[in-house]
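Taking it in order: structure first as structure tokens, then the write-up.
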Protein chains: 2
Amino acid sequence: MEQDSNTESLIFDAAKSVFLEKGFDGAKMQNIADTAGINKALLHYYYRSKEKLFDVVFSQILNQFFKKMGEVWETELSIEEKISAFIDTYVDFLLKNPFIPRFVINTLARFPQNAGEVLEGKTNGIFTKMKSILQKIQNDIDKEAAAGQIKPVKIQDLMVNTISLIIFPIIAEPMIKMIFGLNQNDYKNFIIQRKQVIKDLLIRSLKK
Amino acid sequence: MEQDSNTESLIFDAAKSVFLEKGFDGAKMQNIADTAGINKALLHYYYRSKEKLFDVVFSQILNQFFKKMGEVWETELSIEEKISAFIDTYVDFLLKNPFIPRFVINTLARFPQNAGEVLEGKTNGIFTKMKSILQKIQNDIDKEAAAGQIKPVKIQDLMVNTISLIIFPIIAEPMIKMIFGLNQNDYKNFIIQRKQVIKDLLIRSLKK
DNA sequence: GTCTATAACAGGATAGAC
DNA sequence: GTCTATCCTGTTATAGAC
């Protein structure tokens with residue numbers, strides 16, 4: 001999707017980069033045009049309006065965000081192994097795409113009318129898929145808990161704990177740097193080391 | 001600060017409410033004037049520009065945010081009791097002020113040049129205070145760990161874990177509602193029940 | 001101090017030449 | 001398809017009457 005160098009995908013990539021960093025209100029069409037190295041009028045030629053352009057970009061990012069979130073769970077690993085694998089892959093994903101979570105969360109907060117069915121349609125039913133994955137994980141948990149291997153736990157709590165611990169430090173990067181006086185390199189190391197910290201915390205919470 | 005009903009504080013309160021919800025780019029002076037029930041020109045009479053008005057509002061909110069964050073730690077409780085008390089008071093604070101964390105984080109991300117010394121000056125050295133509190137907590141931890149009462153832990157990890165678990169679900173409210181299919185009331189109950197979930201998780205992580 | 005009117009400009013969108 | 005020029009609306013900011 002980002003390898004074509006025809007004008008349309010050039011615009012898409014530029015728009016994605018600008019929207020990701022500045023959000024809908026902060027992004028300017030002129031800025032997107034400059035980033036793409038083309039003229040403002042061309043943006044409107046390919047995507048009629050700023051709203052439409054944003055819509056396409058947002059749908060793609062939302063898909064990317066949730067697709068990645070759903071990945072490791074459909075394997076044959078134990079719950080603990082799944083959690084561990086999820087932390088590794090999702091932290092790596094976010095280190096490469098640090099703006100995505102803030103962008104998704106801000107956009108969902110900014111356009112609540114887009115909620116529910118509208119987004120379902122634009123994203124091949126991403127929320128339905130998420131719910132089905134969550135249900136499967138809950139079943140796995142119940143099975144392992146019944147076998148006495150782990151403590152029983154609600155998937156909502158486990159999931160929110162996990163993504164909170166992973167995503168928040170990415171969203172709050174500037175704040176964390178300020179409070180702890182970290183530079184870019186310190187910060188990156190901190191996030192990488194947190195992989196193990198988060199694993200320890202969550203695995204421990206499943207011990208009986 | 002929000003009890004006077006003279007024009008200046010009327011404007012301040014309106015600006016705070018609008019900026020909190022929409023951020024700098026999304027907020028419009030007209031909207032602020034309407035909310036305050038006065039004319040647009042008066043905004044400029046009291047605060048020369050949108051930037052200046054935003055500056056005053058942001059400083060006040062940043063102070064509020066960090067002051068509340070630093071509170072319970074200066075007591076004579078044990079670490080575990082302090083964590084428990086912090087979770088209770090901070091969750092309650094955020095339920096009453098749900099827009100604050102997203103606003104603070106977005107603003108820090110949007111105006112990185114404001115970092116460090118500028119904000120230090122505008123907030124009575126809030127970051128210096130934070131750092132000194134963190135150092136004190138680290139000392140307490142080291143003492144209790146040396147006495148064999150808890151597992152030793154780095155304050156950075158403990159602090160980031162704690163605020164991640166508390167703040168993320170507030171920032172991501174629309175996302176959580178969507179994924180789990182919660183209405184406003186479900187969501188609020190979920191957050192309240194999480195107090196205990198977070199306490200269990202963190203206290204457990206300190207057991208030897 | 002507070003208002004109305006308006007200036008000054010930015011930003012999204014379109015027309016029309018090539 | 002791509003560009004320049006231009007329109008038009010929304011937004012910040014100021015002038016000036018009261």
Side-chain angles (χ1 to χ4, degrees), chain A residues 1-61 99 103 106-107 110-111 113-114 122, chain B residues 1-61 99 103 106-107 109-111 113-114:
Chain A
M1 182 163 294
E2 308 190 24
Q3 64 281 25
D4 286 352
S5 70
N6 57 5
T7 306
E8 187 164 355
S9 63
L10 218 75
I11 292 174
F12 180 90
D13 293 346
K16 184 170 171 179
S17 145
V18 173
F19 279 134
L20 265 175
E21 194 173 346
K22 301 190 192 287
F24 182 80
D25 294 314
K28 306 299 168 203
M29 294 296 264
Q30 185 63 60
N31 190 354
I32 294 173
D34 294 346
T35 304
I38 49 103
N39 192 280
K40 227 182 11 167
L42 266 187
L43 300 182
H44 290 92
Y45 176 78
Y46 282 98
Y47 305 84
R48 287 181 50 79
S49 67
K50 186 182 178 183
E51 267 86 3
K52 291 239 175 36
L53 177 54
F54 183 81
D55 235 52
V56 176
V57 168
F58 178 57
S59 300
Q60 198 269 344
I61 293 174
F99 293 128
F103 173 77
N106 282 335
T107 303
R110 199 99 183 67
F111 303 103
Q113 72 283 13
N114 256 19
K122 287 180 190 164
Chain B
M1 182 162 296
E2 308 190 25
Q3 64 283 27
D4 286 351
S5 69
N6 58 5
T7 306
E8 187 164 355
S9 64
L10 219 74
I11 293 173
F12 180 90
D13 293 346
K16 183 170 171 178
S17 145
V18 174
F19 279 134
L20 265 175
E21 194 173 346
K22 301 189 191 286
F24 182 80
D25 294 314
K28 306 300 168 202
M29 295 296 263
Q30 184 63 60
N31 190 354
I32 294 173
D34 294 346
T35 305
I38 50 103
N39 193 277
K40 229 180 10 167
L42 267 187
L43 300 181
H44 291 92
Y45 177 77
Y46 282 98
Y47 305 84
R48 289 182 49 79
S49 66
K50 185 182 178 182
E51 267 87 2
K52 291 239 173 42
L53 177 53
F54 183 81
D55 234 53
V56 176
V57 168
F58 178 57
S59 300
Q60 197 270 344
I61 292 174
F99 292 129
F103 173 77
N106 282 335
T107 303
R110 197 98 183 63
F111 303 104
Q113 72 283 13
N114 255 20

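Convention: sequence-line order gives letters A, B, ...; per-chain numbering from 1.
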Next item on the list: Could you check how far CZ of A/F24 sits from C1' of C/dG11, rounded to whole Å?
Entry: 12 Å
Check: B/Q30 CD to C/dT4 P: how many Å, rounded?
Finding: 11 Å
Note to self: Check this for me, if you would: do B/R110 and B/D25 make a salt bridge, where the nitrogen-to-carboxylate-oxygen distance has to be below 4.0 angstrom?
What the structure shows: yes
Item checked: Identified side-chain hydrogen bond (donor to acceptor under 3.5 Å, both in side chains) partner of A/D55 from the options A/K122, A/Q60, A/K50 -> A/K122
Check: Rounded to the Å, how far apart are A/Y47 OH and D/dG1 C1'?
Finding: 14 Å
Notebook entry, point to check: Out of C/dG12, C/dC3, D/dG1, which has the shortest distance to the side chain of A/Y46?
Noted result: D/dG1
Notebook entry, point to check: Do A/L20 and A/V57 touch side chain to side chain, with heavy atoms closer than 4.5 Å?
Noted result: no
Notebook entry, point to check: Expressed in angstrom and rounded to an integer, what is the separation of A/K52 atom NZ from C/dG12 atom P?
Noted result: 15 Å
Notebook entry, point to check: Do B/F19 and B/F103 have their ring centres less than 6.0 Å from each other?
Noted result: no
Notebook entry, point to check: D/dA13 phosphate, OP1 or OP2: any side-chain N/O from B/H44 under 4.0 angstrom?
Noted result: yes
Check: Between D/dT4, D/dT2, C/dT2, which nucleotide gets closest to the side-chain atoms of B/L42?
Finding: C/dT2
Checklist line | Value in whole Å for how far the P atom of D/dG10 lies from NZ of A/K50 | finding: 14 Å
Note to self: Whole angstroms only, please: what is the CD1-C1' distance between A/I38 and D/dG1?
What the structure shows: 11 Å
Note to self: Of the listed nucleotides (C/dA13, C/dT2, D/dA15), which one gets closest to any side-chain atom of B/T7?
What the structure shows: C/dT2
Checklist line | A/Y45 side chain near C/dA13 phosphate (N/O to OP1/OP2, under 4.0 Å) | finding: no
Checklist line | d(CZ, A/F54; P, C/dA13) in whole Å | finding: 14 Å
Next item on the list: Can you tell me the distance, in whole Å, between the CZ atom of A/R48 and the C1' atom of C/dA13?
Entry: 10 Å
Check: Would you say C/dG12 has OP1 or OP2 under 4.0 Å from some side-chain N or O of A/S49?
Finding: no
Next item on the list: Assess whether one donor atom and one acceptor atom, taken from the side chain of B/K28 and the base of D/dG10, lie less than 3.5 Å apart.
Entry: no
Notebook entry, point to check: Under 6.0 Å between ring centres, would you say that holds for A/F12 and A/F58?
Noted result: no
Next item on the list: When you get a sec, tell me which of D/dA13, D/dG1, C/dG12 is the closest nucleotide to the side chain of A/M29?
Entry: C/dG12
Note to self: Does B/A27 reach a base, just sugar-phosphate, or nothing at all? Heavy atoms under 4.0 Å.
What the structure shows: sugar-phosphate
